[in-house]
Every structure is written in structure tokens, then in C-alpha cells.
Amino acid sequence: MKKYIDSGKKDTRSGFGAGLVLAGRENPDVVALAADLKGSLKMDAFAEEFPERFIECGIAEANMVGVAAGLALTGKVPFCGSFAEFVTGRVYDQVRQEVSYGGTNVKLASSHAGITLGEDGATHQTMEDLALMRALPGMTVLVPCDYNQTVQATLAAARMVGPVYLRFGRPSVPNFTDPDEPFVIGKVYNLNPGTDVTLVATGHLVWEALQAAEALEAEGISAEVLNVATVKPLDAAAILESVGKTGAVVVAEEHNAFGGLSEAIASVVAGGKPAPIEFINGGDKFGQSGTPAELMAAYGLDAAHIAAAAKKAISRK
Amino acid sequence: MKKNIQELTDIASQVRRDIVRMVTAAKSGHPGGSLSSTDILTALYFNEMEQDAATWTRDAKGQDAFILSAGHLAPVYYSVLARAGYFDPAKMGTLRKFGSDLQGHPSVGHIKGIFQPSGSLGQGLSAAAGIALGKKLSGDGHRAFVLCGDGESEEGQIWEAAMFALHHKLDNLVAMTDWNGMQIDGPIETVSGIEELNEKWLAFGWDVIVADGHDFESILNAFQLARKANGKPKMILFKTEMGHGVDFMAGSHKWHGKAPSEEQCAQAMTQLKETLGDY
């Protein structure tokens, strides 16, 4: 299989920070809003380069979302940043009315998503955000897989007109995609063609899926790896094309079992090419304190679990 | 063309007729607050605000913007927009019907004049603050107006927005409260006290103006006072009466969200002069 090289672990939130600066240089209407988490969201460089275009909202996320909608109406392209839980669950009704139903050009920049936020524990570890955002009509949901792709996804979000939920995270994760490859919204990236099983992953679990594919290859199993960096709108045709070839599926995401990529792919597969499908996700649980590595293992989200799930899916063919 | 007080009085009478007829035909809706805020919105659209139906765009470039935060006041909003030329008044007969451009609460993309959807309370002040800030960033000297209900100030987001607007010196933001003292479950002081509302806004550092929301002279004077470019956002607290203009509705929270019967509508029509022609 194609060898992917980790050029050095980096946090995807820093990819957002870098992408935001590039977007700001490209379009003078790009503005950034923070709710007292400028540093955590890596917005410092943007705020330094464009001080008049950085808007501190204080610890008041509901107001921040509404202000962003108003700014968008006047032609600005606002990136509204906070932890994933605080730009989704905490402000769901504001996002629903002011951004989604209003169709305003607001970009929700969502950091510290999932359990790998780590030590802060369950209050801060949303595993439900993809379900909430997918459920909103007209919302584009992007989950880039590494630092390089997050830079590009941020630029793509700034360039498209319409509401975007852009999800990234806190931990340093392998950085392996081509830094110059533009992010195409709606594209499923086929990272490794295979014939026996399709590994569908999003976010940094794409790297885990690639590691699983390598391990499976050593056992003579050919795994196709799809990076679903756009969770909505989902390219169902690309999924079905792969499943039609392999006849078995594993879905891997750092989210709970409900309403995220797992159910999105299950829906596509059931409706198009019914096939055995296994899920790697956080189940029906909250997170807890721990290091990212400890939590990835405890919740069964790592490469070893993906490889085991692949064999199970194949055995059910 | 700015309307004078006699003209405003005539328009408001027709708007009140529209409200009662619309809600009666829809058999649901919110007449009480619509009637209490009729004079405020009439003065805003026909005298104060620089906004033009013919050239209206949702980005409000070169114009003032208005957001109805208390979205359940849709009947008065629709009537004022129709009478100001934003859409054909004949549409008013379709309020709340399936397929209508006039949704139960304001929506975007159906008729001209509406910047943001509303209905879920407490959110419009934030959006208006965003518009005001966007205008400042873009060097557009126009303003953002927003109308809230008084019961709506029980929502915490209102006070988030209050602090934000002061911090960012949004003196081009003019908020208005329809201070009728009633909410759906009863008089506000029996449900969840908000008084002293004027002192709360003063404590948040805003310029606060208290006016009689049923006296056009007082309303126009308040708008005049709200033009100060002094770094402070403006709150005009308009003292009003729920159901104003229809004797059996006046002053009662029971008409917050209830439609009159055909007989009650006919009775109301005898109290409200037809000035511009019914739709």
C-alpha cells in the first residue's frame, strides 16, 4: 500500500490558526470572534496581524453566535471560535435560528472536539457535536484529518458562501497529507485503494485507519481507506462505489454512536449496497479525564480496534 | 418621505386593523404585543429609519437595518412592511397558511425587508449588535435598530449582548423595548420580575430613554435623543399597553397569543378607522 509519512505531530487547532491568517490575507472581509479562548483556538496570530478584525466577545457564546450572524449580513465572513461543546450544544438554538435557518455566512470554528481534549474531562469533551450539526438543514460539516488538511479546510470554509461547522482538536496528531493539496468540500479522499474491506474514517482517526490498513496488509488483507473530511454533504456515490467493490465496511470516528459518521455511512450503505458494517466510535457514553492515548485505547478508537473490526466485518460477508 | 404625526396616526390605525384582521383570519397569532408596538414600528418605518423598500437588500448597505427580536410580533411587522411597500398588502390574508410567504414568525427569503428570522427569544439584540459592528468596520454610517419585548429581557442572552454592545462602543445600535408589562402567563411582575428595567439598562452603561409608546411626539423625540454619537448604545423603553386600540384587548395578557372571533374582529373594526384601505 501507499506509505504515508508523519512529518511530525501537530495539533489541528494550530492548522486552523494558520489557515485563518491565510484566509484573512486573502479576503479583507474575514473576521474572527472568540469567547475568551483566543489562545486555545490559536487565533493570536490573526488577532495580531488584523487587530481591528478580531472581535473578543467574552464568555458569552450565545451572543457571539448572534453577533457573527449580524456581521455576516453586512458582508463579513466571521469565524466564530470556541471549544466544540460551546459552539454547538451550548448554543444550539442560536446556531439553528441565526445561522442555519437564517442561512448566514457564519463559520463555526470548533476546537477541542471529542475525548482527546483529554484531562479536562466529560464537561468539555463533546462526543455529540456532529449529530447536532448534521441535523441542521444547510449546514456544511468539515472534519479535516491533520494539521495540513485543517489549514486547507479553513481556507475552503472561508471561500464558500454559507454556514460551515469546522471541527478540529487539541492533541498533536500525525501530519501526513500534502500541504499544497487544496481542500475540496464534498470530496471523499481515497487514500489507499483496496479490495477486501472499506475503512471509512474522519478526523485524526484517518491516521489510525491507515495504520490499521498497514497491519491488515501484513496479514494479507487489502483495505481501502476513505478520508471523509466532509461529513455533510456526504458523497454517497464515493462510499457506495467502494463498498460495491469490497463488500464490507468499518466506520471510525471520535464521536458517540448517535448521529455522527457511523449512522451517516450506515444510512448510505443500507440504502445503496447493503453490506456487513462495524463501528468504531464512543458508544453511548460520556468521556472522562485521561491522556489522549489512554482515552483512545479505553474507548476503542485506535488502529488495533479498527483492524479487529475490519476482520469481523469481512467474516460477516 | 417622512410622515407627519397626523399621517403616522392614520397609518397606525390601518396597521391595527390589519393586525386584527390577519390574526382573526389565521385563527392564531399574537395580537396583544402587535397592537402595543404598532405606534413604535409605524414611527420607525415611516419617519425615523433610513431604509427604502425599492432598494432594500439583506446586507443593508447604505441603509439602516431593523431586526424584530420578539418574532411573535410578526403581524405588526408584516403590516408595517406591506404598508411601507415591501410587499403586496394582499399577501396579508395568507398569514400562517400553508405555503404562505408570511410564516408564523419572521423568516428570510420569502418577502423583502426581513434581515433575520426570529421567534426564539433573546437573540435579535446580538444580531443587531453584529450589524452595527459590521457597519462600523465597513465605514457605513448607518444604524441597526432592534425591537425586543419586555418579557424577553428575562433571557440571559439579552444581557450578554448589552455588555458586548457597550464594550464595543456601538452607538449606532438603537434597541427598543415594548414595555407593556405583560407576558404570556400574566403580568410580568407575577411571572418573573424584571423591574426596574430602566435602572438595569443604566447599570449596563447604556443611554436609556423612556418614552410613551402611544404618543408619536414622544416616540419621535425619543428617536431624536437616540442619535447621539457618544460611544454608547441606546435603549428606548417605550411604555405601552398590550392590545392598545381595541378596548376588549387593552391591558390584558390574555390577548398575548389568542385570535379574536369573527364577532370580536367586527367589534374591533368599529374602533379602528380604515385609513389606507383594507387589504
Side-chain angles (χ1 to χ4, degrees), chain A residues 24 27-36 50-80 82 86-87 90-108 136-138 161-163, chain B residues 57-67 69 71 103 105-110 114-140 142-146 155-170 172-173:
Chain A
N27 181 355
D29 283 326
V30 167
V31 297
L33 293 84
D36 197 33
F50 309 107
E52 74 290 353
R53 287 155 58 188
F54 172 73
I55 298 142
E56 178 56 69
C57 297
I59 310 166
E61 295 83 4
N63 178 63
M64 174 172 71
V65 171
V67 167
L71 284 163
L73 286 180
T74 67
K76 303 298 174 193
V77 182
F79 279 79
C80 221
S82 190
F86 308 144
V87 287
R90 184 181 179 91
V91 292
Y92 193 63
D93 187 44
Q94 284 77 10
V95 172
R96 181 177 180 273
Q97 177 167 286
E98 302 295 320
V99 179
S100 173
Y101 187 47
T104 49
N105 192 23
V106 172
K107 319 300 173 184
L108 298 166
L136 291 172
V161 177
Chain B
T57 51
R58 198 178 168 203
D59 63 14
K61 277 213 171 79
Q63 298 198 2
D64 292 337
F66 170 73
I67 287 181
S69 190
Q103 294 291 296
H105 289 77
S107 61
V108 296
H110 292 107
I114 298 179
F115 292 94
Q116 268 297 74
S118 55
S120 180
L121 293 173
Q123 301 185 22
L125 185 57
S126 300
I131 293 174
L133 179 58
K135 285 189 173 298
K136 280 197 181 268
L137 289 172
S138 306
D140 177 346
H142 286 82
R143 295 182 291 169
F145 292 83
V146 55
E155 292 278 9
Q157 190 181 340
I158 292 287
W159 305 101
E160 292 185 7
M163 287 184 275
F164 177 88
L166 179 71
H167 183 79
H168 292 275
K169 301 185 172 61
L170 301 179
N172 58 343
L173 172 64

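Proximity to chain A (any heavy atom under 4.5 Å) is shown, for A161(B), by both the backbone and the side chain. S107(B) touches chain A through backbone and side chain together, each having a heavy atom under 4.5 Å away.
Rounded to the nearest 0.5 angstrom, Q116(B) CD and Q97(A) CD are separated by 8.0 Å. Atoms OH and CD, from Y101(A) and Q103(B) in turn, are 5.0 Å apart once rounded to the nearest 0.5 Å. Taken from CD in E98(A) to OG in S126(B), the straight-line distance is 7.5 Å, to the nearest 0.5 Å.
In terms of heavy-atom pairs under 4.5 angstrom with chain B, the leader among I59(A), L33(A), L71(A) is L71(A). Ranking A165(B), S118(B), A132(B), A129(B) against chain A, the residue ahead of the rest is S118(B), based on heavy-atom pairs under 4.5 Å. Your options are Q123(B), H168(B), K135(B), M163(B), and the one with the most heavy-atom pairs under 4.5 Å with chain A is Q123(B).
Within 6.0 Å of CZ on R90(A) lie no more than 12 heavy atoms contributed by other residues, nucleotides or ligands.
No side-chain heavy atom of C57(A) sits under 4.5 Å from any side-chain heavy atom of H167(B). Side-chain contact between V65(A) and Q157(B): absent, with no pair of heavy atoms (C-beta onward) separated by less than 4.5 Å. With contacts defined as side-chain heavy-atom distances shorter than 4.5 Å, the pair L137(B)/R53(A) does not qualify.
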Q: Could you walk me through whether T104(A) and R58(B) pass side chain to side chain contact (heavy atoms under 4.5 Å, CB included), step by step?
A: CA-CA 11 Å; T104(A) 49; R58(B) 198 178 168 203; 3.7 Å; yes

